[in-house]
Every structure is written in structure tokens, then in C-alpha cells.
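This report refers to the structure that appears directly beneath it.
For clarity, every value in this text was computed on a predicted model and none was experimentally measured. Naming convention: chains lettered A, B, ... in sequence-line order (proteins, then strands); numbering from 1 in each chain. FYI, side chains are in, hydrogens and waters are out, and symmetry mates aren't considered; it's all heavy atoms of this structure.
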Amino acid sequence: MAAAPPFALIDGNNFYVSCERVFDRRLEGAPVLVLSNNDGCAIARSQEVKALGIKMGTPAFKIRDLIAKHSIRVFSSNYTLYGDMSRRVNAVIADFSPDVEVYSIDETFLGLAGFARRDLPAMCQDLRATVARCTGIPTCVGIGPTKTLAKLGNAAAKKRPEFGGVCDLSGEGPRAAVLRAFPVEDVWGIGPATAAKLAALGIATAAGLRDMSPKQARALGTVTLERTVLELGGLSCLALEEVAPQRKGMAVTRSFGRPVTSLDELREAVAAYATRAGEKLRAHGVVAGQLAAFFHTSPHRDGPHHHGQRSTRLVPMTADTRGLIGAALRCVEAAWRGGRGCRYVKAGVLLDDLCRPEDAPPTLFAAPSPKSGALMAAVDRVNAKHGRNTLFPAAMGIERGWKLRAAHHSPRYTTRLDELPRVRA
DNA sequence: TCTGGGGTCCTAGGACCC
DNA sequence: TCTGGGGTCCTAGGACCC
């Protein structure tokens with residue numbers, strides 16, 4: 001039997017932190033932390049920050065003392081910058097292999113079917129060096145006969161400096177050793193709930209999971225756990241997805257910068273999210289058939305709790321901001337309970353049943369406005385040229401006191417002329 | 001005393017991912 | 001005072017149909 005063509009997974013080390021470091025070399029060697037939206041919790045940590053014991057997802061307010069004590073450099077997340085750096089990294093990767101799947105903002109799978117005769121680890125070292133030279137982003141690579149093993153190899157390359165940034169799990173020997181050494185919760189697809197069930201069976205390592213019978217795996221979890229077991233054993237069940245499948249849904253949800261108690265402010269925020277949702281629909285060239293809006297109080301705080309949610313059909317299917325705002329506001333008003341002392345901390349707009357406009361079913365009574373597309377395109381052009389929300393619906397309000405916090409934002413170095421990095425003479 | 005069976009579709013919720 | 005956002009897939013269970 002011919003060996004299956006291997007996969008590689010390349011990913012950026014502490015990706016968001018590395019993006020910040022590219023443009024400010026003083027951050028090199030310093031503890032650096034990137035916070036989630038609203039400066040809420042830790043989502044990217046430099047090695048120095050990990051060494052201080054700060055875990056992924058830790059709320060920022062719980063580590064304020066540590067931040068001060070160790071002079072941790074803190075950044076609000078700058079998705080414009082990270083997205084553009086991701087695009088640059090993938091442009092370099094695309095020169096190495098025609099078979100790529102961009103899996104997330106910082107991870108890309110490569111199909112290596114055409115490289116069977118090459119020295120794969122050497123080629124991957126070359127890839128790392130080229131990405132580093134062209135973009136400044138440090139990476140690690142895992143190689144394996146399945147995606148799950150390539151992911152595990154990547155984890156090994158990151159955790160163990162002796163691999164030199166590339167870990168090849170093609171061979172039986174290295175694969176068995178890594179599987180024995182890694183806890184089962186480090187395997188792709190094994191979360192806390194499944195890890196707990198496995199622990200109850202005495203399965204604690206990746207090797208233990210590999211040795212589970214596929215039938216038992218399916219009974220314990222679902223077909224996805226069965227696939228994971230087979231993939232750990234070297235049987236490829238997950239193919240490279242080079243063409244991104246059509247999106248099924250889309251969401252714009254945000255925490256508020258401060259609690260919202262009035263219907264007026266809630267309406268503004270939800271109108272703003274619906275506006276952003278419309279931009280996303282049009283950018284993807286799709287229309288939506290269903291819209292839901294929600295808002296809720298904090299689960300972490302005392303006081304009255306409420307989770308309001310309503311959904312509605314969009315007939316005809318649309319990507320027109322005006323229709324989306326109207327539908328979203330109707331949902332919010334229907335779910336509003338009159339305040340009652342509730343301090344709302346988050347709201348969102350969810351779109352479903354997405355399809356290309358030409359595939360949308362015709363409607364008998366409600367015809368789409370013929371000028372809608374041209375109007376939306378004009379608004380999008382203005383905002384692309386002059387900055388987001390140069391033109392915006394009045395329903396969003398002007399002051400927007402509910403807007404999220406971002407106190408530590410770095411410049412959008414690569415996408416805004418007025419925020420270009422400066423070089424001292 | 002005795003009250004079918006099998007199929008589809010939809011939704012809510014859980015689990016996981018980055 | 002302060003706890004992110006945006007996705008996917010899978011299953012169970014209810015509604016509905018014949």
C-alpha cells in the first residue's frame with residue numbers, strides 16, 4: 001500500500017504578539033500581552049508572559065498587579081493589522097505549495113502530495129526561514145500523514161525547542177514517542193468535556209486515545225471522536241479543504257464598554273451591529289434569509305438577569321442595511337422587558353440561511369428594491385475610501401457611549417497611510 | 001383488553017476550534 | 001469597576017406527515 005501523502009501545518013508563534021513585535025522591536029524579549037475585544041481577557045501571550053503563569057482567557061482585571069509588577073506591555077487587539085499580516089504570511093506559503101488550506105488567522109495546512117521525494121523537514125525549515133524573512137513572523141511546522149498528526153507535530157515543535165521548529169511525525173518511531181508524551185487534551189478536537197470522559201476510562205495520553213477502539217470512541221463521543229482515533233493511528237479522514245465552503249451563518253456580537261440600561265441605547269448598538277452585518281454580507285457577496293437579535297445581562301454579576309432574543313425571516317432575502325436594521329430593531333423591541341433595572345452588557349445580530357443572491361428564492365409579494373444594490377455599493381465605496389462609518393445610518397446614534405473599550409490600540413501599520421511606521425533618522 | 005411505524009425536517013443545545 | 005468574538009459540526013427530540 002502506498003503511503004498517504006503527508007500534511008504539514010504551519011502556524012505563527014504567539015501570532016498576535018509577533019505581529020506587534022514586527023513593528024516595534026523594543027518588544028523583543030519583553031513580556032507582551034494582547035487582550036480580547038473590550039480589553040477583556042488575555043488572548044495572546046509572549047513566552048515571557050506564559051512563563052509568568054498567565055493563562056489563555058484570563059480576565060485582564062485579575063492580573064492587573066502582575067502586569068504592573070513585571071511591566072508587561074499590553075495591547076488591545078488590532079484585527080486590521082493581524083488580518084493583513086496573515087494575508088502576507090499566506091502569500092509566502094502559496095509560493096511553496098499549490099495545495100493549501102487557510103485554517104485560521106494564524107494556521108495553514110499544506111498538502112505535500114507533490115513533495116514525496118523531497119526532504120520534507122528541510123523544505124519546511126526553508127519555508128519558516130522565508131516566512132520570517134518576508135514578514136518577520138516566527139512560525140513552527142508539524143508534518144504528519146493526517147491533519148490531526150500534523151497538528152500534534154506542530155504542538156510538539158512549539159513546546160520542544162530541540163525540534164528546531166519543525167517536527168515530522170511521518171516515521172513510526174518519533175510518532176510513537178510524541179503520542180506517549182502528549183496529554184490527550186492537547187489532541188486537536190479533544191476539549192475539556194471529552195478529556196474528562198476519557199480520564200474516567202484511564203486514558204490520559206494521545207497514545208492511549210490512539211489505542212482506543214474506534215467503536216468505543218464513537219459510543220463515548222460522536223463520529224468526530226472516532227475520526228480523531230483513526231487519524232491518530234495514521235488513517236487520514238479529514239481532507240485538505242482548498243476551497244472555503246459557503247458560509248452558513250454570520251454574527252456580529254459585542255460587549256458594551258459600559259452597561260446599557262435604556263432601550264434607546266440598546267437600539268443604537270443593535271442598529272450598529274446590523275449595519276456591520278450588512279457590510280459583511282455584501283463583502284461575501286451573499287444575502288441572508290433569517291435574522292436574530294439578542295441582548296443579555298452579565299452572568300458574572302448580581303442583580304436582575306435577562307437574556308432577550310427574537311428572530312425573524314427576511315423576505316425577500318437581503319443584504320440591505322436598511323432592511324437588516326428594521327428587522328433587528330423589531331426583534332429587540334419585541335424582546336425588551338421594560339428595563340426593570342437590568343444592566344445589559346452584550347448584544348448581537350445573527351444572520352442565517354445565507355446564499356448567493358441569484359440562488360435566493362423569488363417572492364410573490366415583496367420584491368427586492370431595484371436600487372438597493374447600487375445604493376449599498378455606493379455606501380460601501382465611500383466607507384472603503386474614507387474609513388468605516390464615514391456614511392452611517394442615523395439609527396446608530398452619534399455619541400455611542402456603549403462602544404467597546406480599546407485603550408491600548410497599536411497603529412494599523414500596514415493598511416492606513418496615516419499610521420505607517422516611522423523610522424528615526 | 002386493545003391505541004402503529006417510519007420517515008423527514010427543524011431547532012436547540014452541547015462541544016469544540018482559534 | 002473589570003470576564004471576547006465568530007465560526008463549525010453533531011445529536012436529540014419534537015413536529016409533522018402518510
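Side-chain N/O atoms of R258(A) include none lying less than 4.0 angstrom from OP1 or OP2 on dT1(C). For K55(A), no side-chain nitrogen or oxygen approaches OP1 or OP2 of dT3(C) to under 4.0 Å. Side-chain nitrogen and oxygen atoms of K346(A) include at least one within less than 4.0 Å of the OP1 or OP2 phosphate oxygen of dG5(C). Within the structure, every side-chain polar atom (N or O) of S36(A) is placed at least 4.0 Å from both OP1 and OP2 of dG5(C).
Summary of the strand contacts: R227(A) and A251(A) both lie near DNA chain C, and taking for each the nucleotide with the nearest heavy atom, the more 5' one is attributed to A251(A). Nucleotides of DNA chain C nearest to C41(A) and V223(A) differ in position, and the one nearer the 5' end is that of C41(A).
Atom P of nucleotide dT3(C) and atom CD1 of I63(A) are separated by 13 Å, given to the nearest angstrom. Here the P atom of nucleotide dG6(C) and the CZ atom of R276(A) are 9 Å apart, to the nearest Å. For the pair F294(A) CZ and dT11(B) C1', the interatomic distance rounds to 18 Å; values are reported in whole Å.
A cation-pi arrangement is not found for R128(A) relative to F163(A), the charged atom failing to lie both closer than 6.0 Å to the ring centre and inside a 45° cone about the ring normal.
The line from CG of L324(A) to OH of Y273(A) is 16.0 Å long, rounded to the nearest 0.5 Å. In this structure, the separation between NZ on K385(A) and CG on N383(A) is 12.5 Å, given to the nearest 0.5 Å. Note that OG1 of T228(A) and CD1 of I190(A) are 5.0 Å apart. Values are rounded to the nearest 0.5 Å.
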| request: Give DNA chain C the dot-bracket treatment, 5' to 3': Watson-Crick (N1-N3 with N6-O4 or O6-N4) or G-U (N1-O2, O6-N3) under 3.5 Å, [ ] crossing, | other strand. | output: ....||||||||||||||

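If you check every strand for non-hydrogen atoms under 4.0 Å, R301(A) touches sugar and phosphate atoms only. At the heavy-atom level, K197(A) lies nowhere under 4.0 Å from the strands shown. Here R64(A) lies in heavy-atom contact (under 4.0 Å) with a base. Within the nucleic acid shown, V252(A) comes within 4.0 Å of sugar-phosphate atoms alone, with no base atom in reach, counting heavy atoms only.
Side-chain proximity of R405(A) to the nucleotides dC2(C), dG7(C), dT11(C) is greatest for dC2(C).
Closest approach of P145(A) and S170(A) over heavy atoms only: CD-CA, 4.3 Å. Between A195(A) and E185(A), the shortest heavy-atom distance links the atoms CB-CB, 4.1 Å.
Applying the 6.0 Å contact sphere to CG of D302(A) captures no more than 12 heavy atoms from other residues, nucleotides or ligands.
When the C1' atom is used for both dG4(B) and dC16(C), the distance is 16 Å, rounded to whole Å.
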Scan nucleotides 16-18 of chain B against the protein and return all N/O pairs shorter than 3.5 Å with their distances rounded to 0.1 Å.
from, atom 1, to, atom 2, distance (Å)
dC16(B), OP1, G191(A), N, 3.0
dC16(B), OP1, G191(A), O, 3.2
dC16(B), OP1, T194(A), N, 2.8
dC16(B), OP1, T194(A), OG1, 2.5
dC16(B), OP2, P192(A), N, 3.4
dC16(B), OP2, A193(A), N, 3.0
dC16(B), O5', G191(A), N, 3.4
dC16(B), O3', G189(A), O, 3.4
dC17(B), OP1, G189(A), N, 2.6
dC17(B), OP1, I190(A), N, 3.1
dC18(B), OP1, K151(A), NZ, 2.5
dC18(B), O3', S104(A), OG, 2.7
dC18(B), O3', D106(A), OD1, 3.0
dC18(B), O3', E107(A), OE2, 3.3

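None of N38(A), N37(A), D39(A) except one satisfies the side chain to side chain donor-acceptor pair (under 3.5 Å) rule with S76(A); the exception is D39(A).
Classification of the F294(A)-H307(A) ring pair by plane angle, with boundaries at 30° and 60°, yields parallel.
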